[in-house]
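A quick write-up on the structure given underneath.
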Amino acid sequence: MRIATWNVNGVRARLDFVLHWLRERQPDVVGLQELKVTDEQFPRAEIEAAGYQVVTHGQKSWNGVAVLAREPLTVVQEGLPGQEDFGARLITADVGGLEFTTIYCPNGKSIGHDDFPRKLAWIDALAEHAAAAAADGRAAVLCGDFNVCPAAIDSWNEAGFAGAIFHTDEERTRFQALLDRGYIDVFRAQHPDLQAFSWWDYRGGAFHRKHGLRIDFLLATASVAARVRSVEIDREYRKKKDELVASDHAPVIADLD
DNA sequence: ATGTCGGAATTATTCCGA
């Protein structure tokens, strides 16, 4: 089984790119973030024609998350309880007994901004919410754009960004607390010493200059993590393809036994 | 160059968020 997460930065703007990727990579279950559409605006027919069932939790203009699967899926949860005011940022689907959640963590903007403490509270709420699946020993995936750079190796410029957004102790402590609830960062587990990024700013030629961050993760409970055979960041799909503009994020893909 | 995108508001230009 192949699972993946991808912040597409606008599913309407990215539709041809996403369809190309689905055809090429053939994932079985996918979490998408930053749809930037209402549920009604989601290009459901095109995704279904590509062989996927889809559940969405969207809103106008910003945020929005979806789960795609080649087998039937049912919605378990829409929205992070208590955090709905921060936008449509979480959806959980049951896919053949796998509890698959995808999230789009608030950016936080900067450490002096009002959104920063709200971001920290959001991560706390996510950890609290996600704890049950791990504690109960369920097969669960928690994936998406976490907007946190967990460790120095995950940043192109740890020294320069010390104490800055995505790199603060407050964010890292909370992300670690989430992992401590029973989730494994499967990319890091497979590649303990590999520096690899999942996001590059559109500005300043960041991708070409290797100025990236690893902020998109596939987290898994123990029973799922034990099935991971390989996990990679799909950098090819951060590149322009057939004149199609890429998202600023690359997909993260894992193959499970 | 804080240099690019996507989307909205408003009608090709400016803003906002990331």
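Source: prediction; values computed, not measured. Labels below follow one simple rule: chain letters A, B, ... track the order of the sequence lines, proteins then strands, and each chain is numbered from 1. What's counted below: heavy atoms across the whole structure, side chains too, no hydrogens, waters or symmetry copies.
Rounded to an integer number of Å, the gap from A:Leu244 CG to B:dG6 P is 11 Å. Summarising the geometry, the separation between CG on A:Asp145 and P on B:dG17 is reported as 17 Å, rounded to the nearest angstrom. With rounding to whole Å, A:Phe161 atom CZ is found 12 Å from B:dT2 atom C1'. In this structure, A:Asn147 atom CG and B:dA18 atom C1' are separated by 8 Å, rounded to whole Å. A straight line from CG of A:Asn63 to P of B:dC16 spans 18 Å, rounded to a whole angstrom. For A:Phe42 and B:dG7, the CZ to P distance is 13 Å, given to the nearest whole Å. Per the geometry, CD1 belonging to A:Ile165 stands 13 Å off C1' belonging to B:dG17, to the nearest Å. Here B:dG17 presents its P atom at 13 Å from CZ of A:Arg203, a figure rounded to the nearest Å.
Comparing A:Arg209 and A:Lys109 by the nucleotide of DNA chain B that holds the closest heavy atom to each, the one mapping nearer the 5' end is A:Arg209. Along DNA chain B, the nucleotide closest to A:Val11 and the one closest to A:Gly205 are compared, and the more 5′ of them pairs with A:Gly205.
Within the cation-pi definition used here (under 6.0 Å to the ring centroid, within 45° of the axis), A:Arg118 qualifies as a partner of A:Phe86. Cation-pi check for A:Lys241 over A:Tyr237 is met; the charged atom lies under 6.0 angstrom from the ring centroid and within 45 degrees of its normal.
For A:Ala13, the listed nucleotide lying nearest its side chain is B:dG6; candidates were B:dA8, B:dG6, B:dA18. Closest to the side chain of A:Val245, from the set B:dA18, B:dG17, B:dC5, is B:dC5. Closest to the A:Arg14 side chain, of the nucleotides B:dA8, B:dG6, B:dA18, is B:dG6. Here the nucleotide nearest the side chain of A:Lys36, chosen from B:dG3, B:dG7, B:dA9, is B:dG7. Taking only side-chain atoms of A:Tyr202, from C-beta outward, the nucleotide of B:dC5, B:dA9, B:dG17 with the closest atom is B:dC5.
For the pair A:Lys240 and B:dT4, the criterion of a side-chain N or O lying under 4.0 Å from OP1 or OP2 is not met. Within the structure, every side-chain polar atom (N or O) of A:Ser61 is placed at least 4.0 Å from both OP1 and OP2 of B:dG7. Of the side-chain N and O atoms in A:Arg12, one or more sit less than 4.0 angstrom from OP1 or OP2 of B:dA8.
Across all strands, A:Tyr104 comes closer than 4.0 Å only to sugar-phosphate atoms, never to a base (heavy-atom distances).
Remark: the separation of the P atoms in B:dC16 and B:dA1 is 25 Å, to the nearest Å. Atom name P, nucleotides B:dC5 and B:dT11: the rounded distance is 26 Å, in whole Å. Comparing the P positions of B:dT10 and B:dC15 gives an interatomic distance of 13 Å, to the nearest angstrom. Comparing the same atom, C1', in B:dA12 and in B:dG7 gives a spacing of 15 Å after rounding to whole Å. Comparing the P positions of B:dT13 and B:dT2 gives an interatomic distance of 25 Å, to the nearest angstrom.
Between A:Asp145 and A:Arg89, no side-chain nitrogen of the basic residue sits less than 4.0 Å from a carboxylate oxygen of the acidic one, so the salt-bridge criterion is not met. The pair A:Arg227-A:Asp257 does not meet the salt-bridge criterion, since no charged nitrogen lies less than 4.0 angstrom from a carboxylate oxygen.
Judged by distance alone, with hydrogens and angles left aside, the side-chain atoms of A:Arg238 form a donor-acceptor pair with the main-chain N or O of A:Trp200 at under 3.5 Å.
You'll find the side chain of A:Pro150 reaches within 4.5 Å of the side chain of A:Phe217, heavy atoms only.
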